[in-house]
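We use all heavy atoms of the structure for the numbers below, so side chains are in, but hydrogens, waters and symmetry mates are not.
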Amino acid sequence: MSTLETLPSEEVYTLFQKLVYDKLGIHLAKRKRMMLGHRLLKRVKHIQVDNFSAYFRFITNPDNSHELEVALELMTTNETFFFREEKHFDYMANIILPRINANREYKVWSAASSTGEEPYSIAMLLNEHCPTLWSVVASDVNKSVLAHARKGIYINDRTKSLPKKYRQIYCAKGTDEFEGYIRIKPELRKRLHFFTFNLLDNMSGLGKFDLIFIRNVMIYFDDKTRQKIINGLQQCLNKGGYLFISHSETLHGLEHSFELIKPAIYQKLT
């Protein structure tokens with residue numbers, strides 16, 4: 001491979017854009033070409049093909065489905081932290097949870113869970129404030145980040161927003177080779193269920209939830225894909241249930257039956 005080719009040509013990048021859109025519904029902006037080249041370069045060398053065009057042909061060969069999975073994981077962004085967008089968790093603790101029906105299980109879905117900081121934050125809050133039984137399921141299209149989430153091990157620098165109280169109750173401090181890390185205690189880890197799920201797939205088999213977090217992911221979809229996802233989420237949400245999106249996102253321009261309650265917080269009233 002030429003040492004000069006550190007990113008795909010515009011023509012080849014267009015092929016990767018279409019692949020990611022077709023498989024995941026995610027639109028890679030033109031400005032992401034350098035990012036994609038940086039992330040895939042090691043795989044191009046590892047497979048020992050001549051260039052990005054050859055790598056594209058390799059991963060789209062049905063015989064190389066595992067490498068396609070690796071490439072798709074590398075091309076999607078996964079960045080999160082504990083108690084991200086803190087106002088959502090304040091609203092949960094102070095408004096939603098005190099009002100829920102204590103006679104049945106309260107169910108939450110973290111629909112783009114990445115490496116697990118979001119669903120573990122939800123679980124900590126539920127364990128402290130929920131007056132009834134609760135469950136949290138967490139999904140992502142990326143199997144690697146789900147494997148990370150199941151382990152529940154995080155470097156201290158990524159846990160600065162984790163309240164001291166919750167750190168003491170739910171986290172174990174790493175020692176020896178894990179010095180500088182914390183791990184979510186097994187009592188909490190075992191209460192979460194992580195599973196692989198593509199938001200473009202049919203959601204009808206997932207059941208009903210009282211609260212759905214789907215934050216910092218819809219910004220990567222076009223309106224057609226976002227509408228499809230919102231249609232599915234509406235089916236999964238119980239009447240009176242809540243939908244949390246990111247403060248950088250909006251449902252403006254989409255057809256839905258949610259009512260905006262607070263910035264980035266919607267409720268299904270019918």
message: Does any part of the side chain of N156, heavy atoms only, come nearer than 4.5 Å to the side chain of R167, both counted from C-beta?
response: yes
message: Please check this pair: side chain of H38 against backbone of L7, looking for a donor-acceptor N/O pair closer than 3.5 Å.
response: no
Heavy-atom side-chain proximity of Y242 to M92 below 4.5 angstrom: no
- prompt: Short question: side chain of N64, backbone of E67 - any donor-acceptor pair under 3.5 Å?
  reply: no
field: Connected via hydrophobic side-chain network under 4.5 Å: I230 and I26
entry: yes
query: Which pair of heavy atoms, one from I245 and one from M218, lies closest together, and at what distance?
result: CG2-CE, 3.7 Å
message: Could you tell me if the side chain of I265 sits less than 4.5 Å from the side chain of L260, heavy atoms only?
response: no
task: Return the minimal non-hydrogen interatomic distance between A138 and L146, and the atom names on each side.
output: O-CD2, 4.4 Å
task: Give the C-alpha distance, both sets of side-chain angles, the deciding distance and a yes or no for side-chain contact (heavy atoms from CB on, under 4.5 Å) between F197 and V141.
output: CA-CA 5 Å; F197 186 74; V141 71; over 6 Å; no
message: Taking L269 as the starting point, is it possible to reach Y266 by hopping between hydrophobic residues whose side chains are less than 4.5 Å apart?
response: no
task: Locate the shortest heavy-atom distance separating V70 from R43; write the atom from each residue and the value.
output: CG1-NE, 3.7 Å
Heavy-atom pair of closest approach, residues I212 and C236: CD1-CB, 4.1 Å
Atom pair CG/OG1 of L24 and T225 - distance to nearest 0.5 Å: 10.5 Å
message: Quick one: does any side-chain atom of R183 pair with a main-chain N or O of A172 as donor and acceptor, under 3.5 Å?
response: no
- request: Not counting sequence neighbours, which residues clear ring pair (Phe, Tyr, Trp, His ring centres under 6.0 Å) with F58? List them please.
  value: none
field: Value rounded to 0.5 Å, distance of OG1 in T14 from NZ in K30
entry: 8.0 Å
- request: Carefully, step by step, assess Y166 and F83 under the rule ring pair (Phe, Tyr, Trp, His ring centres under 6.0 Å).
  value: CA-CA 11 Å; Y166 292 157; F83 289 90; 5.5 Å; yes
field: T159 side-chain N/O to L162 backbone N/O, donor-acceptor pair under 3.5 Å
entry: no
message: Are the side chains of F52 and L40 in contact, using a 4.5 Å heavy-atom criterion?
response: yes
message: With heavy-atom distances below 4.5 Å as the criterion, would you say the side chains of E69 and S144 are in contact?
response: no
- prompt: Could you give the distance from CG (L19) to CG (L72), rounded to the nearest 0.5 Å?
  reply: 5.5 Å
task: Would you tell me whether S161 and R84 have side-chain atoms, one donor and one acceptor, within less than 3.5 Å of each other?
output: no
No-hydrogen, no-angle side-chain donor-acceptor test under 3.5 Å, N216 and S246: yes
- request: If a pair satisfies side chain to side chain donor-acceptor pair (under 3.5 Å) and one of its residues is in residues 184-197, list it, with sequence neighbours excluded.
  value: N127-R191
message: Ring-plane angle category for Y154 and F82, please: parallel below 30°, perpendicular beyond 60°, tilted otherwise.
response: perpendicular
- prompt: Going by an N to O cut-off under 4.0 Å, is there a salt bridge joining E128 and K165?
  reply: yes
- request: Dump the intermediate steps for ring pair (Phe, Tyr, Trp, His ring centres under 6.0 Å) on F16 and F56, then the final yes or no.
  value: CA-CA 7 Å; F16 281 106; F56 179 84; 5.3 Å; yes
- prompt: Considering only heavy atoms from C-beta outward, does the side chain of F244 approach that of E85 to under 4.5 Å?
  reply: no
field: Spacing of CD1 belonging to I59 relative to CD1 belonging to I47, to within rounding of 0.5 Å
entry: 10.0 Å
field: Backbone N/O of L237 and side chain of K268: donor-acceptor pair under 3.5 Å
entry: yes
- request: Would you please test Q227 and N231 for side-chain hydrogen bond (donor to acceptor under 3.5 Å, both in side chains) and show each step?
  value: CA-CA 6 Å; Q227 184 65 65; N231 291 344; 2.9 Å; yes
- request: Assert yes or no for the condition that the ring centre distance of W134 to Y106 is strictly below 6.0 Å.
  value: no
query: Considering residues at least two apart in sequence or located in another chain, which fulfil the salt bridge (charged side-chain N to carboxylate O under 4.0 Å, His left out) criterion with D223?
result: R226
task: Check whether any side-chain heavy atom of V44 sits under 4.5 Å from a side-chain heavy atom of N51, and report yes or no.
output: no
statement: Distance col, row F195:CZ vs S113:OG, nearest 0.5 angstrom, shows 8.5 Å
message: Does E118 form a side-chain hydrogen bond (donor to acceptor under 3.5 Å, both in side chains) with S110? I'd like the steps, not just the answer.
response: CA-CA 7 Å; E118 178 179 274; S110 171; 2.6 Å; yes
field: Sequence neighbours excluded, every pair satisfying side chain to side chain donor-acceptor pair (under 3.5 Å) that has a member inside residues 202-211
entry: R104-D210, N202-S204, D210-N238
statement: Heavy-atom closest pair (P98 atom, N94 atom, distance to 0.1 Å) is CG-O, 3.6 Å
message: Is it the case that the side chains of T80 and E117 hold a donor-acceptor pair, with the cut-off being a distance below 3.5 Å and no angle test?
response: no
query: Does one hydrophobic cluster hold both I122 and I184, with members joined at side-chain heavy-atom distances below 4.5 Å?
result: yes
field: Polar side-chain atom of R33 near backbone of P8 as donor-acceptor pair, under 3.5 Å
entry: yes
task: Please work out whether the ring planes of H247 and H88 are parallel, tilted or perpendicular, with thresholds of 30° and 60°.
output: parallel
task: Mark yes or no for whether T132, through its side chain, and A102, through its backbone, hold a donor-acceptor pair below 3.5 Å.
output: yes
field: Residues Q234, H256; criterion side-chain contact (heavy atoms from CB on, under 4.5 Å); working and verdict
entry: CA-CA 8 Å; Q234 288 184 138; H256 60 84; 3.2 Å; yes
- prompt: Does any N or O in the side chain of D176 come within less than 3.5 Å of the main-chain N or O of F178, such that one atom is a donor and the other an acceptor?
  reply: no
field: Salt-bridge criterion met for E249 and R215 (N-O under 4.0 Å)
entry: no
- prompt: So how far is it from L199 CG to S139 OG, rounded to the nearest 0.5 Å?
  reply: 6.0 Å
task: Would you confirm whether the ring centroid of Y21 sits within less than 6.0 angstrom of the ring centroid of H27?
output: no
message: Applying a strict under-4.5 Å side-chain criterion to I, L, V, M, F, W and Y, I'd like to know whether L233 and V137 cluster together.
response: yes
message: Counting C-beta onward and ignoring hydrogens, is there a side-chain heavy-atom pair between Y55 and L41 closer than 4.5 Å?
response: no
query: Would you say the side-chain atoms of Q267 pair up with the backbone N or O of G240, donor to acceptor, closer than 3.5 Å?
result: yes
- prompt: Is the backbone N or O of H252 less than 3.5 Å from a side-chain atom of T250, with the two atoms forming a donor-acceptor pair by type?
  reply: yes
query: Partners of F81 by ring pair (Phe, Tyr, Trp, His ring centres under 6.0 Å), sequence neighbours excluded?
result: none
message: For a quick test of reading the model, state the closest non-hydrogen atom pair linking C130 to L97 and the distance between them.
response: N-CD1, 4.1 Å
- prompt: What about F213 and Y220, same hydrophobic cluster or not, with Ile/Leu/Val/Met/Phe/Trp/Tyr joined at side-chain heavy-atom distances under 4.5 Å?
  reply: no
query: ring pair (Phe, Tyr, Trp, His ring centres under 6.0 Å) with F194: which residues, sequence neighbours excluded?
result: Y120
